[in-house]
Structures are given as structure tokens and as C-alpha cells.
**Q** 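Before we start, here is the structure in question, set down as C-alpha cells.
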Amino acid sequence: MRALQYRRAGAAPEVVGLPDPEPGPGQVLVQVTAAGLCHSDLALMQLPAERLRFPLPLTLGHEAVGTVAALGAGTTGVAVGDSVAVYGAWGCGGCPACAAGRENYCPHARRLGIHAPGLGAPGALAEYLLVDAARHLVPLSGLDPVAAVPLTDAGLTSYHAIRWAMPALVPGSTAVVIGVGGLGHVAIQLLRALTPARIIALDVSAEKLALAEAVGAGEALMSDASSPQGIRDLTGGLGADVVFDFVGTQATGRITVECAAVEARVLNVGLGGGAMAMGFMLVPFGMSAYAPYWGTRGDLTEVIALARAGGLDIRTETYTLDEAPLAYERLEAGKVIGRAVVLPGG
Ligand code: NAD
Ligand code: ZN
């Protein structure tokens, strides 16, 4: 099969030929119909070799939908031909967190060498993806594969983040979304669908600000040092009740804390490498901060159910496997509108 691999630290990913994988006991072979590109892939490819927790080469891609192509011995729960979305935050499967579907917070995965596909295990930017267990598949329920694939991370991570912030997203509240990319443009729509909060979006690109307004933000502001004041002006001086930082740099961490209201819930979702202040008199009274990772199995089922109910407008740009390196370049340059999706069979 053909696959896009990150082969050497610091080098651009390349398309290579690999043997078709064969499912072992309990495993499922999925023929990938669509795979999404995430900014986390760029963060991974920017790590120095000594910080990688797995050997190279690595087949990239951690957002996947596809068709069940073959089952390993003893695998039950799915059938050949089923259309499925892949839950990628694989855990050990046996601990209390995994039993509750919170595999994204499995405390054993790292020690046991269990990696997510595309983030250590062979990923979805290939014709076939080996899924370690049927519990990591959710029926696609007739959704369009291209529009649905961003749900498995951009949608799932945003949904999981919003669920934590929900107690603060009451009528009259304000939510700030920093970074209107793959995740941010879905988060705005989930906020609209699930909460009555007023939404203020921040980005550094005028095109992304227009996208934010098109998908449901009430206001969209340029992201810079003046943003906290802009947000206070819009909220009668109170600030934001919830801040989602989908960038995670020093600059956006500062905006987050400076625009937060008393008792705000703030979330650092982005992997920008920045730090956010925490300490008495450094942040508003009663502020709580959360660094969420991906989402739970239940969250994925729910976000797919929400998409099935209609009303989500997931923006995508599609690419062939050969064009995937170019798509990553566009993502790095901030040029992708919504999510870049690769069709490995296309
Ligand atoms: P993306 O590249 O699609 O979007 C990033 C957006 O941020 C772009 O629109 C860009 O213009 C904007 N931006 C850049 N600098 C900014 C600034 N200073 N202020 C405001 N906006 C700015 O990325 P994505 O795939 O949506 O991912 C977003 C972040 O979330 C990445 O850091 C990614 O690694 C991370 N992520 C985290 C998790 C998790 O589980 N915590 C899961 C998925 C992605
Ligand atoms: Zn991701």
C-alpha cells in the first residue's frame, strides 16, 4: 500500500510503498476513505529527534474514517464493509479510565508503549489502517466521510473541551475562541449548538475571522496585545467566562489570562509551547485552567450523533496522498480554511 511517512527528524514527510498490514487477533483492518491533517502533526515534526517517544519512520495521520476491510482472529463487534470513524486516543483498555471510555486519560498507555495512530503507531495517511480493537470504531451512520473525518479530532477535542467548560456557559456568558483553524471553526459551531454563550473569536488572519463569523461567532477580533481590552470593551469590563486557546503560544496564553473574567474557566488546547500564568493575583479570583487531551469514546459517539442531527458546517479542503506534503505546507503557513483532508484512495 502507499502511505505518507515522517521518516527522519526534521525532514519533510514522503509517500512510500509498504506491505499491506494484516490484522492480528482482536484487530481490525480499515481501508481509509479520508484522513484529516492536524496542526499536532506539525508540532510532532518540529520536535528534536531526542524528544520523539517512538522510532521513525512513522506513518502520519490521527483522524480517520474508512471501511472495515478485514477482521483478525476472534474480532467481534464490527463486520467487513462497515463504515466507521476511528477513535484514536488508544488506552490499555483495562483500567478504570478506559472502562469509563476515558482512554484519552489512560494512565498506563505511555508506560505500556501504546500510541495513538499517527502519533507513534502507524497512522491513517495510508490506504489501510490497523486498528487495535473494535471498541475504537464508531459507526459513521451515513455521514459523508470527508465532512465527518474532522469530527474524530477537531470535533472530538473541541467537544470534550466544551463539556468541561459547560457550567460556565450559561445564558449571558461570553466564550472566547482563540485560533479559528481546524479545531476552532468546529468549536464555534459546537458552542452555538450546545450553549447560549456569546462567542468572540480571535485569529491573526482576516480570512479566518470571516470564517468565524460565517460559522457562528458573534464578533471576531484580530489577535494581538490589544485583544483583552477589546474583549473587556465588548463585555462591559467583565471579560470572558470561558476562553479556549487553540493556539497555545506565550502570546495567546497571555491574552487568555488577561481577558478572563472572575471565576472564568480557561483551556489550553493548543500545542504552541507557551505557558499560561497561574497564581494568586496573577489571574482573576476563582479562575480554573484545564489542559485537555483529545476526548473520550463517549464524546466521539455524541459528536457524531450531533453531526447526524444536522447543522454542522465542517469546512474542508481535499488532497490526494501525493499532495499531502503540500497540504502540510499550507497548514503550517496558516492557509488552510477549515480542515485539510487527504483521500488515500483518490
Ligand atoms: P490550525 O493550524 O488548523 O489552526 C490554528 C489557527 O490559529 C489558525 O487559524 C491560525 O491563523 C491561528 N493562529 C495562529 N497564531 C495565532 C494567534 N497568535 N492568535 C490567534 N490565532 C492564531 O490548527 P488545528 O489543527 O486547529 O490545531 C489547533 C491547536 O490545537 C494546535 O496547536 C494543535 O496541535 C492543537 N491540538 C490539541 C489537541 C489536544 O488534545 N489538546 C488536539 C488537537 C489539536
Ligand atoms: Zn490532532
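Read the numbers this way: they start at 1 and go in the same order the structure lists the ligands and their atoms.
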**Q** Give the atom numbers and elements of ligand 1 that come within less than 4.0 Å of a heavy atom of Y293.
**A**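 Checking each atom against Y293, I get 40 (O).
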
**Q** Nearest heavy-atom pair of A212 and I188: which atoms, and what distance?
**A**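 In terms of heavy atoms, the two residues are closest at CB-CD1, 3.8 Å.
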
**Q** What protein heavy atom is closest to atom 36 (N) of ligand 1, reported as residue, atom name and distance in Å?
**A**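 Closest protein heavy atom to atom 36 (N) of ligand 1: S40 OG, 3.4 Å.
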
**Q** Measuring from the heavy atoms of R339, does anything fall under 4.0 Å of ligand 1?
**A** yes

**Q** For ligand 1, does V180 get within less than 4.0 Å through its side chain, its backbone, both, or neither, judged by non-hydrogen atoms?
**A**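 Under 4.0 Å from ligand 1, V180 contributes backbone atoms alone.
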
**Q** Has the side chain of S227 got a donor or acceptor atom that lies under 3.5 Å from a matching backbone atom of M222?
**A** yes

**Q** Does even one non-hydrogen atom of A251 get within less than 4.0 Å of ligand 1?
**A**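 The answer is no: ligand 1 sits nowhere under 4.0 Å from a heavy atom of A251.
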
**Q** Considering non-hydrogen atoms of the protein only, which is the closest contact for atom 3 (O) of ligand 1, and what is the distance?
**A** G182 N, 2.9 Å

**Q** Do me a favour and list the nearest non-hydrogen protein atom to atom 23 (O) of ligand 1 with residue, atom name and distance?
**A**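 The answer is H39 CB, 3.1 Å.
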
**Q** Answer yes if the ring centres of H136 and W90 are under 6.0 angstrom apart, and no otherwise.
**A**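 For H136 and W90, the ring centres are under 6.0 Å apart.
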
**Q** Excluding waters, which protein N, O or S atoms are within less than 2.8 Å of the Zn ion (ligand 2)?
**A** C38 SG, H62 NE2, D153 OD2

**Q** Looking only at heavy atoms, is any part of D153 under 4.0 Å from ligand 1, and if so is it the side chain, the backbone, or both, or is it neither?
**A** side chain

**Q** Show which atoms of ligand 1 fall inside a sub-4.0 Å distance from at least one heavy-atom site of V204.
**A**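 It comes down to these atoms of ligand 1: 11 (O), 13 (N), 14 (C), 15 (N), 16 (C), 17 (C), 18 (N), 19 (N), 21 (N), 22 (C).
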
**Q** For a quick check under 3.5 Å, do D245 and T252 share a side-chain donor-acceptor pair by atom type?
**A**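 Yes, T252 and D245 have a side-chain donor paired with an acceptor closer than 3.5 Å.
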
**Q** Quiz question: by atom type and distance under 3.5 Å, do the side chains of Y328 and D41 form a donor-acceptor pair?
**A**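 Judged by distance alone, the side chains do pair up.
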
**Q** Is there a nitrogen or oxygen of G272 sitting under 3.5 Å from a nitrogen or oxygen of ligand 1?
**A**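 Between G272 and ligand 1, no N or O pair is found under 3.5 Å apart.
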
**Q** Could you tell me whether I178 approaches ligand 1 through its side chain, its backbone, both or neither, with non-hydrogen atoms closer than 4.0 Å?
**A** side chain

**Q** Which of the listed options, G36, P292, A201, holds the heavy atom that is closest to atom 41 (N) of ligand 1?
**A** P292

**Q** In ligand 1, which numbered atoms sit nearer than 4.0 Å to a non-hydrogen atom of L331?
**A** 2 (O), 3 (O)

**Q** Give the minimum heavy-atom separation between F54 and L119, together with the two atoms involved.
**A**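 Reported closest heavy-atom pair: CE2-O, 3.6 Å.
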
**Q** Might you point out which heavy atoms bring R297 and C98 nearest each other, and give the distance in Å?
**A** NH1-O, 3.3 Å

**Q** Pairs under 3.5 angstrom only: tabulate donor-acceptor contacts from the side chains of residues 164-183 to other protein residues two or more places apart or in another chain.
**A**
unit_1, atom_1, unit_2, atom_2, d
S173, OG, V170, N, 3.2
S173, OG, V170, O, 2.6

**Q** So, is L37 polar-close to ligand 1, with some N/O to N/O distance under 3.5 Å?
**A**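 Among all N and O atoms of L37, none is under 3.5 Å from an N or O of ligand 1.
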
**Q** Applying a strict 4.0 Å limit to heavy atoms, is T249 in contact with ligand 1?
**A** no

**Q** Where does the angle between the aromatic ring planes of H62 and W294 fall among parallel (under 30°), tilted (30 to 60°) and perpendicular (over 60°)?
**A**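 Rings of H62 and W294: perpendicular, as their planes differ by over 60°.
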
**Q** Side chain to side chain contact (heavy atoms under 4.5 Å, CB included) with E317: which of V336, V342, L331?
**A**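 Looking at V336, V342, L331, the match for E317 under the side chain to side chain contact (heavy atoms under 4.5 Å, CB included) is V336.
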
**Q** What closest approach, in Å, do L151 and L300 show between heavy atoms, and which atom pair accounts for it?
**A** O-CD1, 3.8 Å

**Q** Is it true that D203 and S205 share a donor-acceptor pair across their side chains at a distance under 3.5 Å?
**A** no

**Q** For atom 18 (N) of ligand 1, grab the closest protein heavy atom and report residue, atom and distance to one decimal in Å.
**A**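 Checked against all protein heavy atoms, atom 18 (N) of ligand 1 sits closest to T252 CG2, 3.6 Å.
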
**Q** Any salt bridge linking K335 with E207? Criterion: basic side-chain nitrogen under 4.0 Å from a carboxylate oxygen.
**A**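 Salt bridge between K335 and E207, a charged N being under 4.0 Å from a carboxylate O: no.
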
**Q** Polar contacts were defined as any N/O atom of the residue lying under 3.5 Å from an N/O atom of the ligand; does this apply to L271 and ligand 1?
**A** yes

**Q** Looking only at side chains, do E63 and T152 share a donor and an acceptor under 3.5 Å apart?
**A**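 On atom types as modelled, these side chains do not qualify, holding no pair under 3.5 Å.
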
**Q** Would you tell me whether R330 and Y319 have side-chain atoms, one donor and one acceptor, within less than 3.5 Å of each other?
**A** yes

**Q** If you have a sec, work out which protein heavy atom is nearest atom 29 (C) of ligand 1 and how many Å separate them, to one decimal?
**A**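 Ranking protein heavy atoms by distance from atom 29 (C) of ligand 1, first comes F246 O, 3.1 Å.
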
**Q** Does ligand 1 have an atom that lies less than 4.0 angstrom from a heavy atom of D203?
**A**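 For ligand 1, residue contact (heavy atoms, under 4.0 Å) with D203 is present.
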
**Q** Before signing off on this row, confirm whether V269 and ligand 1 have an N or O atom pair separated by under 3.5 Å.
**A**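 The answer is yes, given that V269 and ligand 1 share an N or O pair closer than 3.5 Å.
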
**Q** Any N/O of K208 closer than 3.5 Å to an N/O of ligand 1?
**A** yes

**Q** Can you report which non-hydrogen protein atom sits closest to atom 30 (O) of ligand 1, along with the distance?
**A**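 Heavy-atom neighbour on the protein nearest atom 30 (O) of ligand 1: G270 CA, 3.6 Å.
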
**Q** List the steps and the verdict of side-chain contact (heavy atoms from CB on, under 4.5 Å) for I114 and H108.
**A** CA-CA 8 Å; I114 298 169; H108 306 294; over 6 Å; no

**Q** Checking Y87 against E103: is there a side-chain donor and acceptor pair closer than 3.5 Å?
**A** no

**Q** Is there a nitrogen or oxygen of S223 sitting under 3.5 Å from a nitrogen or oxygen of ligand 1?
**A**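 For ligand 1, there is an N or O atom that lies under 3.5 Å from one belonging to S223.
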
**Q** In the protein, which heavy atom is nearest to atom 5 (C) of ligand 1, and how far is it?
**A** G181 CA, 4.2 Å

**Q** Please determine if R198 and E219 form a salt bridge, counting it only when a charged side-chain N lies under 4.0 Å from a carboxylate O.
**A** yes

**Q** Which residue supplies the protein heavy atom nearest to atom 40 (O) of ligand 1, what is that atom called, and how far is it?
**A** W294 N, 2.7 Å

